[in-house]
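The block underneath contains the structure these notes are about, expressed in structure tokens.
Chain identifiers are assigned alphabetically (A, B, ...) following the order of the sequence lines, protein sequences preceding nucleic acid strands; residue numbering begins at 1 within each chain.
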Amino acid sequence: MREQLQNVLSLAASLLYPAPMSSFNEDDAFEAAAAPQSLSLSQLAMQGARESALGAPDTSYLDSLNPAQREAVETLDGPVLMLAGAGTGKTKALTARIAHLLNTGRARPNEILAVTFTNKAAREMKDRVAALMGHQIEGMPWLGTFHSVCVKLLRRHAELVDLKSNFTILDTDDQIRLLKQLINAAGIDEKRWPARQLAGMIDSWKNRALTPGHVSAGEGAEFNGLGVKLYAQYQERLKTLNAVDFGDLLLHMVTIFQKHGDLLEQYQRWFKYILVDEYQDTNVAQYLWLRLLAGGHKNICCVGDDDQSIYGWRGAEVGNILRFERDFPGAKVVRLEQNYRSTPHILAAASSVIAGNKDRLGKDLWTAETEGEKVRLVGHWDGEEEARWVGEEIEAMHGGTRARLRQYSLDDMAILVRASHQMRAFEDRFLSISLPYRVIGGPRFYERMEIRDAMAYFRVVCQPDDDLAFERIINTPKRGVGDKALQDIQVAARSNGVNLVEGARIAVADGLLKGKAKSGVAQLLADLDRWTSLNVQQIRYGVEDEDALVEDVAYDPAEIGHIELAERILDESGYTTMWQNDKNPEAPGRLENLKELVKALEQFENLAGFLEHVALIMDNDSGNDGEKVTIMTLHGAKGLEFPVVFLPGWEEGLFPSQRSMDESGVKGLEEERRLAYVGITRAEELCTISFAANRRVYGQWQSQLASRFIDELSPEDVDVTAPSGLGGQAGHMAGHMAGHGAGRYGGSMTMAESPSTFERRAAKADVYNSPGWKRMQERAQRNASPKPPITINAKATSSFTIGDRVFHKKFGYGEVMEIEGDKLSIEFDHSGTKKLVAGFVMPADQAGDVPF
DNA sequence: GATATGTCGCTTTTT
DNA sequence: GCGACATATC
């Protein structure tokens with residue numbers, strides 16, 4: 001009770017004395033962070049509600065828990081490791097635990113640190129806690145992803161690592177561009193030493209919380225002996241750009257906590273309880289960060305499943321979960337083993353696969369269910385047939401015409417692939433049969449060129465030190481500024497020790513630029529100044545809370561809102577005009593996207609807030625319109641569940657991925673196996689695994705071997721299903737291939753023969769003995785004979801005559817107007833007249849064969 | 001400096 | 001079989 005009184009008092013204090021920037025003052029900083037201005041009333045109301053709840057706490061949320069879950073929820077103090085198998089209700093337990101902490105008065109909402117890996121998980125947790133408590137939990141500012149929590153902390157203490165609190169968060173693209181510059185400056189061949197690779201190395205160092213000074217000599221000498229050196233230079237550049245990358249968010253906070261014990265102690269005291277979701281996915285930096293924060297009271301509850309650790313390639317350490325008990329002696333370990341999601345066969349099949357892994361903490365999943373279909377296994381001739389078959393299955397199940405099975409909504413069905421390039425086959429097929437689908441994790445809205453360009457403008461306006469953004473916009477739209485002019489500006493900036501915007505100013509003033517370049521840059525600078533003056537810096541970083549990142553700022557009526565500002569930036573810069581004048585068929589779509597971007601701004605108070613959101617939340621759960629089949633990667637599917645799941649492409653090299661095995665050997669293979677486990681356990685009622693004998697890889701036909709994971713499935717839980725509803729499509733396939741082949745490359749293409757290796761594996765999988773397989777084999781042979789070898793020569797197909805309708809990938813459809821040798825003059829329907837080499841276009845009727 | 005064509009390398013997985 | 005980047009040509 002005394003504590004509660006204190007809480008209320010300090011809360012009141014926080015309202016009277018705003019927190020100073022970047023300082024820690026326990027009495028007010030956290031309060032301000034968690035419960036500033038507008039929340040005061042609801043916060044106080046909640047305090048009251050809880051106090052009354054203390055009299056007769058409503059703990060009905062405990063009633064629906066099973067004994068293990070209940071134990072995990074009620075063991076509030078001290079370290080707890082919750083080993084939660086797939087579908088065992090771990091989110092339920094986790095949220096009940098938060099509710100319990102609040103309900104028993106152990107902590108106030110803003111004293112609980114709860115971290116997840118994805119924004120989705122964070123959102124779900126927030127929603128479910130709210131549902132349990134019967135009202136919105138407004139004061140849980142520290143429930144979020146590792147990254148978003150760290151951004152909040154880092155904004156407050158930025159100066160401790162020589163940053164300003166309005167630092168920019170760079171995405172991978174910016175990171176790569178920056179590294180490229182450094183590699184070029186170091187005078188080594190960027191071809192042989194690609195920036196991507198360096199980025200990967202730096203990432204892995206950061207994941208292990210290694211600053212340049214801590215990288216071992218051996219590792220640092222990688223990358224042509226320059227690894228650490230470039231890393232150090234990169235960090236220096238980030239500092240001058242006032243920017244951080246993703247890894248820095250964690251690493252800087254670890255550094256700060258390690259260096260400033262007093263600050264750490266204050267945070268240790270503040271975060272009374274710590275909860276961690278998906279603990280098996282934590283990397284070393286995250287682990288250290290958690291260990292530092294939990295170091296005082298050790299009230300840390302980690303939830304995870306070692307069998308679902310699938311992010312080793314990103315630096316996740318399964319070891320973290322395996323040694324939890326050593327890190328936190330006396331830890332209580334609770335196993336959640338009752339599965340509420342899948343039918344017995346699905347569960348058994350998944351267990352039989354994962355049993356192949358060593359070093360497991362070991363869990364025995366069980367279910368009270370008794371009914372259910374076996375896992376289905378289907379072999380196909382090639383990837384396109386696989387897609388066709390899946391499409392037909394989905395249609396049948398959607399129509400409710402599958403024997404023994406109920407009718408399913410398209411939303412109930414998902415296709416989970418190993419690698420995103422597998423998605424195309426399904427997309428193509430579904431488009432041609434008009435089966436609605438949604439792709440999760442595809443190219444994202446915010447990664448589109450026009451969106452990144454627009455955001456680069458916003459970035460420069462918000463944070464003028466952001467040279468990368470400036471480089472992006474300086475000649476977009478064209479202002480007559482080429483490489484030469486940009487170089488002059490860079491030199492001017494460097495020799496004066498200023499950012500590129502200022503460098504450009506100097507270059508204009510000193511007459512370094514001439515003609516078009518000069519006037520173009522001068523105009524841009526004038527525009528930037530005007531926009532900047534209109535952009536009120538409404539954020540006071542360091543005093544923010546989860547909902548309102550913004551201090552109340554008295555608006556000058558002369559000032560304009562950020563939405564209007566954004567529109568003006570895009571118009572006045574000429575960026576909108578640029579796309580309006582663009583004749584490419586995709587230009588209208590890009591303008592649409594820009595409109596959407598401006599619309600998205602409505603949800604934010606200002607440009608800076610928007611930029612931060614975009615940097616951290618690369619969500620794209622748009623398109624909730626109507627039923628759709630979901631297509632996504634296995635990684636993306638973790639944490640989700642679907643009544644019907646298709647797992648295509650179970651072939652050696654693809655799944656398990658060759659690369660994974662080459663790079664990480666047995667460890668890599670085991671991670672792939674866990675991925676298989678994750679995939680199977682996503683299914684509630686029906687799980688269908690498939691593989692193809694042939695697949696096109698890099699445009700080359702390759703024969704495939706059925707995956708070793710197929711051998712590992714327990715036979716008694718699997719039905720070998722014959723592909724059905726096929727036949728008579730040889731002509732279509734040949735035509736399809738010709739359509740592709742007539743494209744740009746057009747070299748010769750030979751269809752592989754049916755591989756005997758495949759047959760051997762198939763025999764093991766018992767496919768070979770099934771009537772379905774025999775039929776398929778026959779059919780395959782029928783199809784195979786007219787098909788390969790097909791030799792296509794681009795030149796041969798390029799005999800056009802005047803008046804022919806043709807198709808070009810970029811320019812769309814058009815008509816041949818003139819022919820000079822192998823050059824055609826084509827009048828495109830939407831892109832004007834162009835002169836092109838014949839090999840670049842295909843007859844319009846052939847193009848019709850190719851979806852899009 | 002901008003455009004059209006050629007070349008290379010590549011595909012896991014993402015906060 | 002695609003896109004990023006380099007080169008050639010205007």
Whether [X] contacts [N] is assessed here as follows: a side-chain N or O lying under 4.0 Å from the phosphate OP1 or OP2. Is that the case?
X      : N      : result
A/N207 : B/dT15 : no
A/T172 : B/dT14 : no
A/K180 : C/dC5  : yes
A/R696 : C/dG1  : yes

Reckon [X] touches a base, only the sugar-phosphate, or nothing at all at heavy-atom distances under 4.0 Å?
X      : answer
A/S660 : base
A/K484 : sugar-phosphate
A/Y698 : base
A/F655 : nothing

Residue whose nearest DNA chain B nucleotide is more 5′ - A/K478 or A/L675:
A/K478

By nearest-nucleotide position on DNA chain B, the 5'-leaning member of A/G480 and A/D203 is A/G480

Using atom [atom1] of [X] as one end and atom [atom2] of [N] as the other, report the distance to the nearest whole Å.
X      : N      : atom1 : atom2 : answer
A/N283 : B/dT13 : CG    : P     : 20 Å
A/Q700 : B/dG9  : CD    : P     : 16 Å
A/R695 : B/dT11 : CZ    : P     : 18 Å
A/M661 : B/dT13 : CE    : P     : 16 Å
A/L513 : B/dG1  : CG    : P     : 10 Å
A/R177 : C/dA4  : CZ    : C1'   : 14 Å
A/L170 : B/dT15 : CG    : C1'   : 15 Å
A/I176 : B/dT14 : CD1   : C1'   : 13 Å

Set out, in order, the CA-CA distance, both residues' side-chain angles and the distance that settles side chain to side chain contact (heavy atoms under 4.5 Å, CB included) for A/D174 and A/T168, then state yes or no.
CA-CA 11 Å; A/D174 295 317; A/T168 305; over 6 Å; no

Measure from the side chain of [X], starting at C-beta and using heavy atoms only, and say which of [options] lies closest.
X      : options                : value
A/R424 : C/dC2, B/dT15, B/dT13  : C/dC2
A/A485 : B/dT15, B/dG1, B/dT14  : B/dG1
A/R196 : B/dT15, B/dT14, B/dT11 : B/dT11
A/T118 : B/dT11, B/dT13, B/dT15 : B/dT15

With rounding to the nearest 0.5 angstrom, report the OG to CD distance, A/S707 to A/E652.
5.0 Å

Rounded distance [0.5 Å steps], CD in A/E384 versus CD in A/E386:
11.0 Å

Non-hydrogen atoms of A/L512 and A/D488 that approach each other most closely:
O-OD2, 3.8 Å

Look at atom CG of A/D483 and say whether more than 12 heavy atoms of other residues, nucleotides or ligands are closer to it than 6.0 Å.
no

Aromatic stack A/W313/B/dT13: centroid gap under 5.5 Å, interplanar angle under 30°:
yes

May I ask you to check whether A/F117 and A/H147 place their ring centers less than 6.0 Å from one another?
no

